[in-house]
Amino acid sequence: MSTRTPYRVLFVCLGNICRSPAAEIIFNAVAAQKSLSHLVKADSCGTASYHTGSKPDHRMLAALERAGYSYGGHRARTFRRADFSEFDLIIPQDEYNEQDILSLARHDEDRSRVRGMWQWFAPEETERSVPDPYYGGPAGFDAVVALLTRSMERLVAELSAKLQA
Ligand code: 4NP
């Protein structure tokens, strides 16, 4: 695993309007709490292009606000092959996102940068991926924010140990 700084992390979901912008916002907040903002840089994107240029879904922004997070102005964009070179760690939110990203990988070096968000889930989590809240109600958005918050503590702790070793 690379340890260059700033260490660049890319969160990926399908539309880049719900899960991955939430992951980016929560990652930045947790990194700031731990005074690591100067060592890491996060972005997010989607595997599909239909929401390109859009703000995050208002239901996700409301769930983030309820949990105390603030939106920094992200606009949706689509994953591109160049992201394999521009990011040190690429984090799909579910196994479909993972398959779509891996189908664009050119070699093992690209594949080695891809690690599903579930790799930082605590053993007691019942989810096996970050569930897509798009077609459900507000509770699904709150559940995604809570799951990402718990998992992000574990991801940021891992990066903190590596980057400050
Ligand atoms: P996301 O959620 O991948 O977490 O941004 C979705 C956003 C849009 C759609 C599905 C999921 N959609 O079908 O438009």
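One-based numbering, in listed order, for ligands and for the atoms of each. Throughout, numbering of the chain's residues begins at 1 and tracks the sequence. Values reported hereafter were calculated over all heavy atoms of this structure, with side chains retained and with hydrogens, waters and symmetry mates removed.
Within ligand 1, counting atoms from 1 as listed, the ones closer than 4.0 Å to a heavy atom of Cys18 are 1 (P), 2 (O), 4 (O), 5 (O). Close approach to His51 involves these atoms of ligand 1, each under 4.0 Å from a residue heavy atom: 8 (C), 12 (N), 14 (O). The distance from ligand 1 to the heavy atoms of Tyr50 drops below 4.0 Å at these ligand atoms: 12 (N), 14 (O). For ligand 1, the atoms closer than 4.0 angstrom to any heavy atom of Gly15 are 1 (P), 3 (O), 5 (O). Close approach to Cys13 involves these atoms of ligand 1, each under 4.0 Å from a residue heavy atom: 1 (P), 3 (O), 4 (O), 5 (O). Atoms of ligand 1 found under 4.0 Å from any heavy atom of Tyr135 (numbered from 1 in listed order, with element): 12 (N), 13 (O). Near Asp132, meaning under 4.0 Å from any of its heavy atoms, are these atoms of ligand 1: 2 (O), 6 (C), 10 (C), 11 (C).
For Asp57, no heavy-atom contact with ligand 1 is shorter than 4.0 Å.
Of all protein heavy atoms, the one lying nearest to atom 12 (N) of ligand 1 is Tyr134 CE2, 3.5 Å.
Between Phe79 and Phe84, the distance from one ring center to the other falls under 6.0 angstrom.
Asp100 and Asn97 share no side-chain donor-acceptor pair at under 3.5 Å. There is no side-chain donor-acceptor pair under 3.5 Å between Trp118 and Glu127. Side chain to side chain, Asp57 and His51 fail the donor-acceptor criterion of an N or O pair below 3.5 Å. Under 3.5 Å, the side chains of Asp108 and Ser112 contain no donor-acceptor pair of N or O atoms.
For the pair Arg19 and Tyr134, the NZ or CZ position fails the cation-pi test of under 6.0 Å to the six-membered ring centre and within 45 degrees of the ring normal.
The shortest heavy-atom distance from Met60 to ligand 1 is not under 4.0 Å.
Listed by first and then second residue, the side-chain hydrogen bond (donor to acceptor under 3.5 Å, both in side chains) pairs that reach into residues 143-152 are Tyr69-Thr149, Glu125-Arg150, sequence neighbours excluded.
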